[in-house]
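Step one of this worksheet: look at the structure below.
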Amino acid sequence: MDNTVQNMYIGGRWHSAVSGKTRDIINPFNGKVIAEVAEGDREDAQIAVLAARQAFDSKIWSDLPAVERGRLLYTLGDRIEAESEVLARLESLDTGKTMAESRWDMADIAGIFRYYAGLADKDGGEIINSPIPNSDSRAVREPVGVCGQISPWNYPLLQAAWKMAPALAAGCTVVMKPSEITPLTTLKIAEIAAEMDFPAGVINVVLGPGASVGAELAENTMVDLISFTGGIETGKSIMRAASTNVKKIALELGGKNPNIIFADCGDLDVALDRALDGVFFHAGQICSAGSRLMLEASIHDRFVEKLKSRMAKIRLGDGLVDGTQMGPLISAQHLAKVENYMRVAEADGAHLELGGRRPEAADLQDGFFFLPTLFTGCHHDMRIVQEEVFGPVITVEKFTGEDEAVRLANGTIYGLAAGFWTSDPGRIQRVARQLQFGTVWINDFNVYFTQAPWGGYKQSGLGRELGRQGLEEYTEIKHIFQNHNPEPSGWFGL
Ligand code: NAD
């Protein structure tokens, strides 16, 4: 471990916490301390918000020609690509995920900065055909202002990039707060940005707990927009806090995502293979994990047998070691939460087919590992089916026919993503339109890319990230009307 404390980046300078407190960052593979970072509090968040406010109000960023903002963001993407191996290693150390996954993340992240760099100067506004004679009307987009951005621990830098890149492209200034347990790659991005020509105060990174630093960003009346990715209960508290000054809100919350396999799915082994990816990447700690597997009755038994045998072969280990297929859970606390769901599921009558406990291998005992776990005999009203476990756990529900599949799949408070597998063209059209989810995959699972919008129906969130819509979240629309021939109306007499 490097013994220097890593500080917050505020107003173009590196700051220790006002309180002087620090926090140890832990490698979930072995419980060892990998870094020490400043542990901010409300006061630190206030200092960062003020820096972002002053930078925004000075117009040093929003008045910079959009093509110049784009140029800087594009270069940031290039710098991320150049440092991608360092960043990927840091992400794997901090989260436990495999290097292959972290490398994908970094390639994506570089692309996200480049994508929004390219969009920064593309909006030409909209001319409206004014219904009033001798007048002009147009709608223009302007940056919202100061953006508080709060990211989770499962995809620390990817989620930060989804927020920072469009906000900066739009001309906003940002105060980013990464999860207190996985801040290292976000700090590294601040370090890269600090070496570039971003004006001071445009990019700020504060560290510390959600309950103080995150809540301050949500409440602070100098913040114009709060963008949050994380759990549903935190999202609700942020909505309440944001009411102080009626902030704009963007929420990416949890999911409990059905993966429906119809008997006419075509190649069962392909559907099975993608179902495994859909759940066990990053040990199931993915908001869009296909943890609700729904199998048509006629293929249920065959599919479950094959699934069990594939799951039993998943290789757990250190994400930094080649050949590891699944890393640990993020923390001891999260492991305890996942373990508790085993009792909940069994009490509700789900049948444990595989896993359900920590592995026994000696080299995994210091990490927060949990075995790939399969429950069959699950019903739609069980807690294990309705609640987000956020671990390597699949529940299997059996259904008969399309109507039942759609009804069961939609029977959730969440609406992030759903997938279904079929070779019937008519069914493809019907089911895709009936599923109430922000993303629907047909004959695939867990595919997302920068160009397409991402976000949830129902309680999975508000607003969209990625795509053109992800940029629009960070803009206000202004209608500008000009009368070319003003005359008195005479309403109140002349
Ligand atoms: P979390 O809600 O505990 O924390 C997320 C972030 O919010 C952290 O930075 C945390 O410090 C902060 N926070 C906590 N309490 C806060 C408060 N009162 N006010 C302001 N900020 C606060 O979530 P997590 O455990 O880090 O992440 C897992 C959750 O994130 C899962 O529910 C998952 O589904 C969700 N997630 C959603 C998406 C998506 O795109 N929809 C993507 C990734 C993760």
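Just so you know, ligand 1 is whichever comes first in the structure, and atom 1 is the first atom listed for that ligand.
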Which segment of Pro152 sits under 4.0 Å of ligand 1 when only heavy atoms are counted: both
Could you tell me the residue and atom name of the protein heavy atom closest to atom 24 (P) of ligand 1, and the distance to it rounded to 0.1 Å? Trp153 NE1, 3.3 Å
Counting each atom of ligand 1 from 1 as listed, which ones have a heavy atom of Gly214 under 4.0 Å away? 19 (N), 20 (C), 21 (N)
Does Lys97 make a cation-pi contact with Tyr155, if we ask for NZ or CZ under 6.0 Å from the ring centre and within 45° of the axis? yes
Could you establish whether Ala215 and ligand 1 come within less than 4.0 Å of each other, counting only heavy atoms on the residue side? yes
Considering only protein heavy atoms, which is closest to atom 8 (C) of ligand 1, and at what distance to one decimal place? Ser151 O, 3.4 Å
If the cut-off is 4.0 Å to any non-hydrogen atom of Asn154, which atoms of ligand 1 fall inside it? 43 (C), 44 (C)
Is it true that Lys163 and Thr229 share a donor-acceptor pair across their side chains at a distance under 3.5 Å? yes
Can you tell me if Ser227 and Gln149 form a side-chain donor-acceptor pair at under 3.5 Å? no
Hey, is Tyr155 touching ligand 1 through its side chain, its backbone, both or neither, going by heavy atoms under 4.0 Å? neither
Are Asn257 and Ser288 close enough that a side-chain donor and a side-chain acceptor fall under 3.5 Å? no
Under 4.0 Å from ligand 1, counting heavy atoms only, is it the side chain of Glu388, its backbone, both or neither? side chain
Can you tell me which residue and heavy atom of the protein come closest to atom 23 (O) of ligand 1, and the distance to 0.1 Å? Gly231 N, 3.3 Å
May I have the step-by-step check of salt bridge (charged side-chain N to carboxylate O under 4.0 Å, His left out) for Arg42 and Glu216, ending in yes or no? CA-CA 6 Å; Arg42 279 189 182 265; Glu216 178 63 36; 2.9 Å; yes
The protein heavy atom nearest to atom 13 (N) of ligand 1 is Gly210 CA, 3.3 Å
Can you sort out which atoms of ligand 1 are near Ser237, meaning under 4.0 Å from one of its heavy atoms? 18 (N)
Does the side chain of Thr22 pick up a donor-acceptor pair with the side chain of Glu36 at under 3.5 Å? yes
How far is atom 10 (C) of ligand 1 from its nearest protein heavy atom, and which residue and atom name does that atom have? Glu180 OE1, 3.6 Å
Quick one: nearest non-hydrogen protein atom to atom 15 (N) of ligand 1, plus distance? Thr234 CG2, 3.2 Å
Which of the atoms of ligand 1 are close to Lys177, meaning less than 4.0 Å from one of its heavy atoms? 9 (O), 10 (C), 11 (O)
Once you restrict to heavy atoms under 4.0 Å, what part of Leu217 touches ligand 1? Side chain, backbone, both or neither. neither
Among Tyr448, Tyr414, Trp454, Phe390, whose heavy atom sits nearest atom 28 (C) of ligand 1? Phe390
Quick one: which ligand 1 atoms are inside 4.0 Å of a heavy atom on Leu416? 41 (N)
In ligand 1, which numbered atoms sit nearer than 4.0 Å to a non-hydrogen atom of Thr229? 5 (C), 36 (N), 37 (C), 38 (C), 39 (C), 42 (C), 43 (C), 44 (C)
What about the rings of Tyr448 and Trp441, do their centers lie closer together than 6.0 Å? no
for atom 12 (C) of ligand 1, nearest protein heavy atom and its distance come out as Ile150 CG2, 3.6 Å
What pair of heavy atoms forms the shortest contact from Glu388 to Cys287, and how long is it? OE2-CA, 4.1 Å
Between Glu91 and Thr185, does any side-chain donor sit less than 3.5 Å from a side-chain acceptor? yes
What residue and atom, counting heavy atoms only, is the protein's closest point to atom 38 (C) of ligand 1, and at what distance? Cys287 SG, 3.0 Å
Return yes if a side-chain donor-acceptor contact under 3.5 Å exists between Glu472 and Thr475, otherwise no. no
So if I count the atoms of ligand 1 from 1 in the order they appear, which ones are less than 4.0 Å from some heavy atom of Ile238? 19 (N), 20 (C), 21 (N)
Please round to the nearest 0.5 Å and tell me the distance separating atom CG of Leu435 and atom OG1 of Thr439. 11.5 Å
Considering the heavy atoms of Gln159, write down every atom of ligand 1 situated less than 4.0 Å from one of them. 42 (C)
Parallel, tilted or perpendicular, as decided by the 30° and 60° cut-offs, for the rings of Phe390 and His334: perpendicular
Is it the case that the ring center of His15 lies less than 6.0 angstrom away from the ring center of Tyr9? no
